[in-house]
2 protein chains.
Amino acid sequence: MSKRPTQADVARSAGVSATTVSLVLNGRTGTRISDDAARRVRVAAETLGYSPDPTALSLRTGRTKTLGFVSDGVTVTRYASAMIRGVLDAAESKGQSVMMAEVDDHPDRWERAIVDLSDRKVDAIVVGLMVARTIELPPMPSGVSTVIVNGLSGGLPSVLPDEFAAGRAAAEYVIRAGHRRIAFIGRSERMLDPVVSATVGRRYQGIDRAMADAGLHFTTTCDLPEWEPGPAREAAMSVLGSPSRPTAILAANDRVAFGVYQAAADLGLTIAQDVSVMSFDDEALADYLRPGLTTMRLPYRDMGMAGVREALNPGNDLLELPMPLVERGSVAPPRG
Amino acid sequence: MSKRPTQADVARSAGVSATTVSLVLNGRTGTRISDDAARRVRVAAETLGYSPDPTALSLRTGRTKTLGFVSDGVTVTRYASAMIRGVLDAAESKGQSVMMAEVDDHPDRWERAIVDLSDRKVDAIVVGLMVARTIELPPMPSGVSTVIVNGLSGGLPSVLPDEFAAGRAAAEYVIRAGHRRIAFIGRSERMLDPVVSATVGRRYQGIDRAMADAGLHFTTTCDLPEWEPGPAREAAMSVLGSPSRPTAILAANDRVAFGVYQAAADLGLTIAQDVSVMSFDDEALADYLRPGLTTMRLPYRDMGMAGVREALNPGNDLLELPMPLVERGSVAPPRG
DNA sequence: TTGTCATGCTAAATCGATTTAGCAGAACGG
DNA sequence: CCGTTCTGCTAAATCGATTTAGCATGACAA
């Protein structure tokens, strides 16, 4: 029936008052506690296995050592885990626990989640989007620092992938491998709407910059209604089926690249050997494919970590994180 | 500078004591409060927008309306989101918030996570494993109801997929489609260790039962070192390359099935038409493949929901949830 | 001897709720 | 007219910490 020891228990056992225990254990300076008393308190705390009750602490101090993470799991949950992981890891290293909420696109679920978190007095809020886009958020509780990860919203500090650099690096990588005849599958106009994507425009700009710097133009550029394997496969069939087919394809993302793989298989072409493929995102899929898909990784985990750091320790209004190039073998020098 | 209204504010505004406010708002029966006073309290609470402070409530009542979710994100995070989603949805519907922790396989990270959660006085704990297996957990805090989802541990109540039924249903589905020459790729002995998998044995038993009931034997059964596309592809090459190749393949999971797809492509065979494939898990991958992969879905979301329900409302020691058959087109009647 | 100042500590208020015990007045019975 | 019971409400304790204000005691100077 032994309950958890309280500060009062420690005080009793050390022969001092609760006040003294609090002062000693919080290491307050300038408090004129004798070394002897301090020692007794520490010993008592140690032997009793005392640790302060978080709920009492929250009530008194108004802070909870907890941060809220709200995400929009709706459309795509595929990426969630890496971001959550980053959030949890960073939080743990800062001694914070994480309270999670997931919302769909109903504005009042956002509102409810955020009100609930601020009711519970979380120390900071991280809003995480699975797909980088611009959203409207309900007014944030004042006094709670809030960061949006993988998205933009009003004046909130943001953490985003550095898509311009990634687009540029991807194109440069293919060019440097020796390719001159390159097609781009998945340049979709509708993605340029910031509500649909906050970053794709930057990706395109980076790609365009690299191509321009090399004095090249894409042999073909296809729009796609969706960045999914089905439409991508069809587009790739026509691109790769033409007599003057490109030696490399830049795919808008991994699922598009997967469609390209399927089209190549249908046409009896071997990836890397007959046609190189370079892509974006680094989904699990990219690692399953043979040859493995070379792609620019969306740094979900890093973004989660950065979001937590920024929320606890505000400073930057925009943090752009590098997207590492993951080399797997789908890009090789052109034949001939 | 308006702070959130407290119970005392409501009391003042209604011209009653804090006690009365508490009694009225908690709807205590047998408390002899006049209808008039009750009404005044409710009106005041409403106009002030009062809601009780969760931290104060926790301190006083010892309950937090929060549940802890601890998962082992280590090896595979692919599935995490569906389970988390289930947990969050069920929790929300019960008015609970969720505090998350993720741990790797270090026993003391488990310990730390669990101590932290019980320090914070969560009302219940759900332990979620990404891959069904048997683990040792540190002793759980007494008085906190705990459930393990997708795993087994000591005497803890468990939520598991009903793998026996799924194995049986999978095999029956293929048999009922008319197949008689069926191979099984991925019958791995090492998976039978309960520490590696808590459920695969049941899956095999279900499959065996269905085969036996139909009076059939597998034409080939391959062990695999890993259930990954690479090894599976090789195994499938030899199975499908033989002159007396089977008309259907039962794959141990979707990644194995993907290896089979690749082998079929290499051999110029068309899935469904030339060889049917049936699988387990229903990863995102299963939906990308063409034709879509018919597979028995691991009900991660349902398991997450059930885990929460069981934790808040203990009753069963073992809950086996059905694995739905997801038909996508990779199984067709054999030709000829 | 008395006043002043450190020193070393503690009593009590506070955070915002719940809950126990009990007060004041009305109604009722004898 | 007095005692009992019921009605309608509240004061105060409590949960477990932090923090402010201040009480003893001893040392020292005048």
Side-chain angles (χ1 to χ4, degrees), chain A residues 1-42 44-45 48-66 118-123 143, chain B residues 2-42 44-45 48-66 95 118-123 143:
Chain A
M1 195 59 261
S2 67
K3 282 179 47 231
R4 119 200 280 277
T6 70
Q7 194 176 73
D9 297 328
V10 175
R12 205 170 307 123
S13 147
V16 297
S17 71
T19 307
T20 305
V21 174
S22 173
L23 295 176
V24 169
L25 295 184
N26 290 308
R28 306 303 289 268
T29 60
T31 57
R32 307 192 306 244
I33 304 285
S34 66
D35 290 356
D36 182 54
R39 188 166 32 249
R40 278 180 359 250
V41 165
R42 268 186 276 268
L48 292 180
Y50 168 77
S51 75
D53 180 331
T55 57
L57 227 96
S58 305
L59 177 58
R60 183 62 235 237
T61 64
R63 31 196 45 264
T64 48
K65 279 181 165 304
T66 295
S118 76
D119 264 12
R120 294 182 120 98
K121 305 223 170 36
V122 294
D123 296 344
Chain B
S2 66
K3 283 179 45 228
R4 120 200 281 277
T6 71
Q7 194 176 74
D9 296 330
V10 175
R12 204 168 311 122
S13 148
V16 296
S17 72
T19 306
T20 304
V21 175
S22 174
L23 295 176
V24 169
L25 295 184
N26 290 306
R28 308 301 288 269
T29 58
T31 56
R32 304 191 310 239
I33 304 285
S34 67
D35 289 356
D36 182 52
R39 185 165 33 251
R40 273 175 7 244
V41 166
R42 267 188 275 270
L48 293 180
Y50 168 77
S51 74
D53 180 332
T55 60
L57 228 95
S58 306
L59 177 59
R60 183 61 235 239
T61 63
R63 28 196 49 265
T64 48
K65 280 185 165 300
T66 295
S118 76
D119 264 14
R120 294 181 117 99
K121 304 221 171 42
V122 294
D123 296 344

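A note on names: the letters A, B, ... follow the listed sequences, proteins ahead of strands, and every chain is numbered from 1. On a predicted model such as this, the values are computed, not experimentally measured, just so you know.
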Taking all non-hydrogen atoms of both residues, which atom of A/Ala38 and which atom of A/Ile33 are closest, and how far apart? N-CG2, 4.0 Å
Is there a side-chain contact between A/Val21 and A/Val16 (heavy atoms, below 4.5 Å)? yes
Which residues satisfy the side-chain hydrogen bond (donor to acceptor under 3.5 Å, both in side chains) test with B/Asp35, sequence neighbours excluded? none
So, using side-chain hydrogen bond (donor to acceptor under 3.5 Å, both in side chains) as the criterion, who are the partners of A/Arg42 when residues are at least two apart? none
At a heavy-atom distance below 4.0 Å, which nucleotide of DNA chain C is the first touched by chain A, and which is the last? C/dT7 to C/dG16
Near DNA chain C, counting only heavy atoms under 4.0 Å, which residues of residues 51-62 of chain A show up? A/Leu59, A/Arg60
Please round to 10 degrees the angle between the axis of the first five pairs and the axis of the last five pairs in the helix from C/dT1-D/dA30 to C/dG30-D/dC1. 80°
Knowing that exactly one of A/Leu59, A/Asp119, A/Thr64, A/Thr55 qualifies, which makes a side-chain contact (heavy atoms from CB on, under 4.5 Å) with B/Pro54? A/Asp119
Measuring from atom CZ of B/Arg4 to atom OG of A/Ser118, what distance do you get when rounded to the nearest 0.5 angstrom? 7.5 Å
Are the side chains of B/Thr66 and A/Arg120 in touch, meaning some heavy atoms are under 4.5 Å apart? yes
NA contact type, A/Arg28, heavy-atom cut-off 4.0 Å: base, sugar-phosphate, or nothing? sugar-phosphate
Quick one, which residues of residues 5-24 of chain B touch DNA chain C with a heavy atom under 4.0 Å? B/Thr6, B/Gln7, B/Thr19, B/Ser22
Closest approach of B/Asp123 to B/Lys65 (non-hydrogen atoms, all atoms of both residues): OD2-N, 2.8 Å
For A/Ala45 versus A/Val10, what's the shortest heavy-atom pair and its separation? N-CG1, 3.9 Å
Nearest heavy-atom contact between B/Arg40 and B/Ala14 is NE-O, 3.1 Å
By the definition side-chain contact (heavy atoms from CB on, under 4.5 Å), identify the one residue from A/Asp36, A/Leu23, A/Leu25 that meets it with A/Val41. A/Leu25
Closest non-hydrogen atom pair, B/Asp9 against B/Arg12: OD1-NH1, 3.2 Å
